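By convention in this document, chain letters (A, B, ...) are assigned in the order of the sequence lines, proteins followed by strands, and residues within each chain are numbered from 1. Keep in mind that this is a model prediction, so the values were computed, not measured.
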Amino acid sequence: MTVRTRYAPSPTGVPHVGNIRTALFSYLLARRLGGQFILRLEDTDRARLVPDSIPKISESLQWLGLDYDEGPDIGGPYGPYTQSERLDQYQAAARRLIEQGDAYDCWCSSERLDAVRAEHQRLKQPPQYDRRCREDAGQAQAKREAEAEGRSPVVRFKTPREGTVTLEDPIHGSTPFDVATIDDFVMLKSDGFPTYHLAYIVDDDAMKITHVIRGDEWIPSAPRHLLIYGALGIEPPVLAHAPRILGPDGAKLSKRHGATSVFEYRDEGYLPEALFNFLGLIGWSLDDKTEIISKAEFIEHFSLERIVRNPAIFNAEKLQWMNGVYIREVIPEPDLVTMFVDRLEADFPPEIPRPIDRQLVAHVVPLIKERVKLLSEVPAYCDFFFTDNLSWSKEELLGKAYAGRPADAKAALGAVATSAVDVTWTHDDIEAALRSLADKLGAKAGDLFSLVRVAVTGKRVTPPLFESMEILGRERCLERLSQAASLVS
RNA sequence: GGCGCCAUCGUCUAGGGGCCUAGGACGCCGCCCUUUCAAGGCGGAGAUCGCGGGUUCGAAUCCCGCUGGCGCUACCA
């Protein structure tokens with residue numbers, strides 16, 4: 001039997017990093033075992049539906065590199081892959097369960113349900129449905145009331161009053177549950193839509209899903225699911241409950257903790273490869289030391305059994321470090337050039353002419369790749385290559401070394417320009433020339449370099465000076481030197 | 001209230017009875033390198049393995065209890 005896993009989010013927004021990690025695990029498992037990974041939309045809650053989140057979900061998956069084999073947008077042999085288009089199947093399953101005596105119509109109003117729940121709570125009893133409609137008499141009465149008010153029924157599962165069901169989970173082992181603590185939960189809502197419990201089971205069965213990986217908040221619901229599988233005569237898939245990802249304060253990861261959606265990470269300049277690596281190592285590890293691991297290696301080694309049980313706090317600093325590793329060590333330079341070009345095109349102010357010179361970027365990449373951790377830092381690091389419109393201030397130019405000595409600074413700048421005229425324009429020769437010039441001027445090399453750095457780049461923090469000057473070219477450097485000189489006087 | 005899950009450095013984790021005076025990584029601190037910023041190299045601090053009982057010659061590892069954190073207890077997923 002071929003392994004099939006799925007990611008089945010409800011379209012309520014852009015996927016969350018915490019949530020999408022279960023997709024990543026599902027993807028890895030499918031690829032590891034040579035099966036299929038599919039996307040399905042669980043849009044059965046019309047109240048929470050956010051329509052434009054649907055393309056965002058597929059875009060998030062694609063961006064992260066979680067390519068799926070079947071899905072709402074690409075189809076597949078078991079479609080449709082959107083639950084709102086499969087209503088007849090859930091209704092048929094519910095009908096069948098009613099006919100079998102495993103479910104029943106419940107006509108109770110939500111007002112009554114609330115009252116029952118409140119009463120149970122007041123008496124410190126478990127807040128369960130009181131099963132009024134489970135009995136013919138109660139049901140008949142409730143039905144009369146409901147019809148008078150024009151209400152439709154829900155379908156509830158007729159949970160056995162006693163017994164045990166046992167969840168066998170590859171991550172958690174086996175957990176027995178006493179069925180008596182489970183109430184008669186709703187499977188089909190009065191609007192004809194199923195609840196999660198019914199819908200996912202019917203779909204997974206129809207779509208031949210073999211392994212379900214979901215958050216461990218589902219463990220308490222698992223016995224209900226086991227009961228439905230049993231009543232429907234379905235062999236349950238492997239149910240694996242992965243720990244969740246928490247914010248720094250131990251609370252569920254949310255907006256308060258900073259970036260949470262996949263798009264936010266993309267926009268801040270994280271690389272999908274790095275985020276993939278990072279997420280894959282939360283709750284799963286290869287061994288005691290592997291930190292940088294490719295998708296191919298993940299696929300080669302992934303297993304459910306090595307997923308840990310405890311929840312993890314999202315360590316944003318480590319992700320940033322890892323992103324830096326990808327930029328400076330993992331991504332091949334030509335690919336990096338493309339990423340930088342795209343970033344610059346998008347982020348540079350409109351004054352800087354487009355298109356961005358790819359050749360120039362290719363020269364710049366080696367200089368800055370080891371000093372940026374995020375793509376978003378790239379423009380500020382190299383804008384002076386792409387515009388001659390520098391905006392230094394006199395104070396910045398003089399810096400600490402030349403503060404109060406503008407005349408000396410001007411003289412130094414002039415001398416640099418003079419010696420630059422006939423030096424061979426390579427970074428080594430430029431450096432040699434400036435060092436001996438510093439000597440001649442009786443200045444500390446570092447002080448002179450700083451002055452030149454600001455004059456040529458407009459900033460105090462830059463890529464290596466001489467390499468930058470080489471790339472900039474003699475003419476542009478001379479021009480900037482003279483502009484700077486006239487500014488300090 | 002009921003039911004359940006979880007528990008190793010601040011964080012992510014390795015570990016599955018002796019290899020553990022607990023290893024790696026991020027972060028932090030110091031030194032080195034150095035034209036700024038990074039990167040890199042070296043070193044350091046940091047966990048009585050939540051607590052208490054067992055079992056065992058021996059426990060971070062197995063068992064029980066407790067505590068703590070979290071989750072579920074919806075016509076949400």
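You'll find that the side chain of A:R306 is closest to B:G15, out of B:C6, B:G24, B:G15. When each of B:A7, B:C72, B:C26 is scored by its nearest atom to the side-chain atoms of A:N310, the top-ranked nucleotide is B:A7. The side chain of A:R224 lies closest to B:U73 when the candidates are B:U73, B:A77, B:U13. Listed nucleotides B:U11, B:A77, B:C6 differ in distance to A:H172; the shortest reach to its side chain belongs to B:C6. When each of B:U13, B:C75, B:C72 is scored by its nearest atom to the side-chain atoms of A:P220, the top-ranked nucleotide is B:C72.
Across the strands present, B:G30 finds its partner in B:C42; the criterion is a Watson-Crick or G-U wobble pair with both atom distances under 3.5 angstrom. Across all strands shown, B:A25 forms a Watson-Crick or G-U wobble pair with B:U11, both key distances being under 3.5 Å. Of all nucleotides present, none satisfies the Watson-Crick or G-U wobble test against B:A74 with each distance under 3.5 Å. Across all strands shown, B:C62 pairs with B:G54; the Watson-Crick or G-U wobble distances both stay below 3.5 Å. Within the shown strands, B:G68 is the pairing partner of B:C6 under the Watson-Crick or G-U definition, both distances less than 3.5 Å.
A ring-centre distance under 6.0 Å is found for A:F25 and A:F302. Aromatic pair A:F157/A:Y104: centroids not less than 6.0 angstrom apart. Here A:W218 and A:Y200 keep their ring centres 6.0 angstrom or further from each other.
Here the separation of B:A59 from B:G53, taken at their P atoms, is 13 Å to the nearest Å. Comparing B:G16 with B:A74, their P atoms are spaced 42 Å from each other, to the whole Å. Comparing the C1' positions of B:A14 and B:A47 gives a spacing of 14 Å, expressed to the nearest Å. With both ends at atom C1', the span from B:G71 to B:C28 equals 33 Å, rounded to whole Å. When the P atom is compared between B:G23 and B:A45, the two are found 11 Å apart, to the nearest whole Å. B:U8 and B:U48: their C1' atoms are spaced 12 Å apart (whole Å). On the P atoms, B:A38 is 37 Å away from B:C20, given to the nearest whole Å. Rounded to whole Å, the C1' atom of B:U21 lies 30 Å from the corresponding atom of B:C64.
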Strictly under 4.0 angstrom, non-hydrogen atoms only: write out the protein contact profile of nucleotides 33-51 of chain B, one letter per nucleotide from the 5' end, B, S or -. --BBBBSS-----------
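With A:R224 as the partner, the side-chain contact (heavy atoms from CB on, under 4.5 Å) test is satisfied by one option alone out of A:V179, A:D183, A:V165, A:T159: A:D183.
Look at CG on A:N323: it is 16 Å from C1' on B:A25, rounded to the nearest Å. Regarding A:E111, its CD atom lies at a distance of 12 Å from the P atom of B:C75, rounded to whole Å. Atom NE2 of A:H120 is separated from atom P of B:A74 by 11 Å (rounded to the nearest Å). The CD1 atom of A:I219 sits 12 Å away from the P atom of B:C72 (whole-angstrom rounding). What separates CG of A:L319 from P of B:G27 is a distance of 12 Å, to the nearest Å. Protein atom CZ of A:R21 is 8 Å distant from nucleotide atom P of B:U13, rounded to whole Å. As rounded to whole Å, 8 Å separates atom P of B:C75 from atom CG of A:D114. Following rounding to the nearest Å, A:H241 (NE2) and B:C72 (P) show an atom-to-atom distance of 13 Å.
At the heavy-atom level, A:R309 lies under 4.0 Å from the strands shown only through sugar-phosphate atoms. Using a 4.0 Å heavy-atom distance criterion, A:V454 is classed as making no nucleic acid contact. When heavy atoms are screened at a 4.0 angstrom cut-off, A:P311 is found touching the sugar-phosphate backbone but no base atom.
Using a 3.5 Å distance cut-off with no hydrogens or angles, the side chains of A:H241 and A:R214 do pair a donor with an acceptor. For A:Y90 and A:D203, the side-chain atoms include at least one donor-acceptor pair closer than 3.5 Å. Looking only at atom types and distance, the side chain of A:R453 has a donor-acceptor partner in the side chain of A:T462 under 3.5 Å away. For A:S376 and A:R343, the side-chain atoms include no donor-acceptor pair closer than 3.5 Å.
Contact annotation: A:R117 reaches the phosphate of B:C75 (side-chain N/O to OP1 or OP2, under 4.0 Å). Taking only side-chain nitrogens and oxygens, A:T44 comes nearer than 4.0 Å to OP1 or OP2 of B:A77. For A:T175 and B:C5, the shortest distance from a side-chain N or O to OP1 or OP2 is below 4.0 Å.
At least one cation-pi condition fails for A:R40 and A:Y7: the charged atom is not both under 6.0 angstrom from the six-membered ring centre and inside a 45 degree cone around its axis. With A:F193 as the aromatic partner, A:R46 meets the cation-pi criteria of under 6.0 angstrom to the ring centre and within 45 degrees of the ring axis.
Along RNA chain B, the nucleotide nearest A:P9 and the nucleotide nearest A:E317 are compared for position; the residue whose nucleotide lies closer to the 5' end is A:E317. Remark on RNA chain B: of its neighbouring residues A:F314 and A:W218, the 5'-side contact belongs to A:F314, judged by nearest-heavy-atom nucleotide.
Below 30°, between 30° and 60°, or above 60°: for A:F298 and A:W284 the angle between ring planes is between 30° and 60°, a tilted geometry.
The stretch residues 275-289 of chain A touches RNA chain B through A:L281, A:I282, A:G283, A:S285, A:D287, A:D288, A:K289, each having a heavy atom within less than 4.0 Å of the strand. Of all the residues in residues 182-194 of chain A, A:V186, A:K189, A:S190, A:P194 reach under 4.0 Å from RNA chain B with at least one non-hydrogen atom.
For the atom pair A:L281 CG and A:T290 OG1, the distance stands at 8.0 Å (nearest 0.5 Å). How far CG of A:L41 is from CZ of A:R86: 12.0 Å, rounded to the nearest 0.5 Å.
Counting heavy-atom neighbours within 6.0 Å of A:H197 NE2, excluding the residue itself, gives a total above 12. Heavy-atom neighbours of A:K252 NZ from other residues, nucleotides or ligands within 6.0 Å: at or below the threshold of 12.
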